[in-house]
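Per chain, numbering begins at 1; letters A, B, ... match sequence-line order. Just so you know, these numbers use all the heavy atoms, side chains as well, and skip hydrogens, waters and symmetry mates.
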Protein chains: 2
Amino acid sequence: METTQLLREYDIRPSFTRVSIYEYLKSHRVHPSAEDIHRALSPTIPTLSRTTVYNTLHLLVQKQLVTTLDVEEEQQRYDIPDHPHAHFKCRKCKAVYDLEDVHPSNIPQDKLNGFRVEEAKLVYYGLCPDCQQTA
Amino acid sequence: METTQLLREYDIRPSFTRVSIYEYLKSHRVHPSAEDIHRALSPTIPTLSRTTVYNTLHLLVQKQLVTTLDVEEEQQRYDIPDHPHAHFKCRKCKAVYDLEDVHPSNIPQDKLNGFRVEEAKLVYYGLCPDCQQTA
DNA sequence: TTGTCTGCAAAACATTTGCATACTG
DNA sequence: CAGTATGCAAATGTTTTGCAGACAA
């Protein structure tokens, strides 16, 4: 779908900046930080400020077009929650991988007694295949 | 088990400060932040510095006696990983609850192809029973 | 005495805020 | 014009670092 239209559906005015940031996230599935995004888009949008990147990301998160990662890191990282998946963070090389088809989808509702779940984040920590070799 | 002995088993010299911080975490299961811990122990240990709290927590995390929570918060929060459980964070009142008996224990290994998992963190976000009423 | 532990003060760094200017409908 | 978006500079707040003094094996 057109990003412009998608944003409109979520009640976000599709300014050039916002569209650019959303599309950057969509086409760079490496969970970039605000700083990464700013650095990447600065050549294209020379006036882009960090403040605007933060503003836009907050807005996108609030409207649920984007989520945060929360993976033992100082800098927050962002992701588009297209399809349910978990993350794996290597404690040696610090890379964050997507684990497709792994997700706490069917939680026994009786276990959640009364809590209404809107979102679930599952993160595994350990050693990625590469780092197991050099360990 | 005696905290003193437990720390020794994990190769940590059981100084008064370290034992105090570990026992505080053990007896206050509300996932306190470093600042919370410092504030709570200061009356007992007036000379306790924030630096030492941070140092100690880092050490305990490194030795795997303590884990971090990573739940969409600026301040890091700490927990003792006694028994496998997930967390639930209410997006309205911000409280973090333990969900006993909910945990991604049996991950189909074939789904993880090659990643060696040391730890898994599962966090649910939504509305707690109380906040659903006032919503 | 030698290495470890602790604490102070200063630094680092990501993020937020206040406010002014520039757009846009 | 009115409301929204953006940007700059300064502030905030948590965590880290460097170094010195205190403590313990």
For B:Phe88 and B:Cys128, work out which heavy atoms get closest and say how close. CE2-N, 3.9 Å
[N] [atom2] sits how many Å from [X] [atom1], rounded?
X	N	atom1	atom2	answer
A:Leu41	D:dG7	CG	C1'	16 Å
A:Ile37	D:dT6	CD1	C1'	17 Å
B:Arg8	D:dA25	CZ	C1'	12 Å

Mark up nucleotides 3-16 of chain C, 5' to 3', with B wherever a protein heavy atom is under 4.0 angstrom from a base atom, S wherever such an atom reaches only the sugar-phosphate, and - elsewhere. -SSBBBB----SBB
So, are B:Asp98 and B:Arg29 salt-bridged, with charged N and O less than 4.0 Å apart? no
Stepwise salt bridge (charged side-chain N to carboxylate O under 4.0 Å, His left out) check, B:Lys94 with B:Glu73: CA-CA 9 Å; B:Lys94 312 299 182 197; B:Glu73 219 149 319; over 6 Å; no
Hey, could you give me each pair passing salt bridge (charged side-chain N to carboxylate O under 4.0 Å, His left out) that has a residue in residues 50-63 of chain B? Not counting sequence neighbours. B:Glu35-B:Arg50
With a cut-off of 3.5 Å and sequence neighbours excluded, list every side-chain donor-acceptor pair involving residues 6-15 of chain A.
from	atom 1	to	atom 2	distance (Å)
A:Ser15	OG	A:Arg18	N	3.2

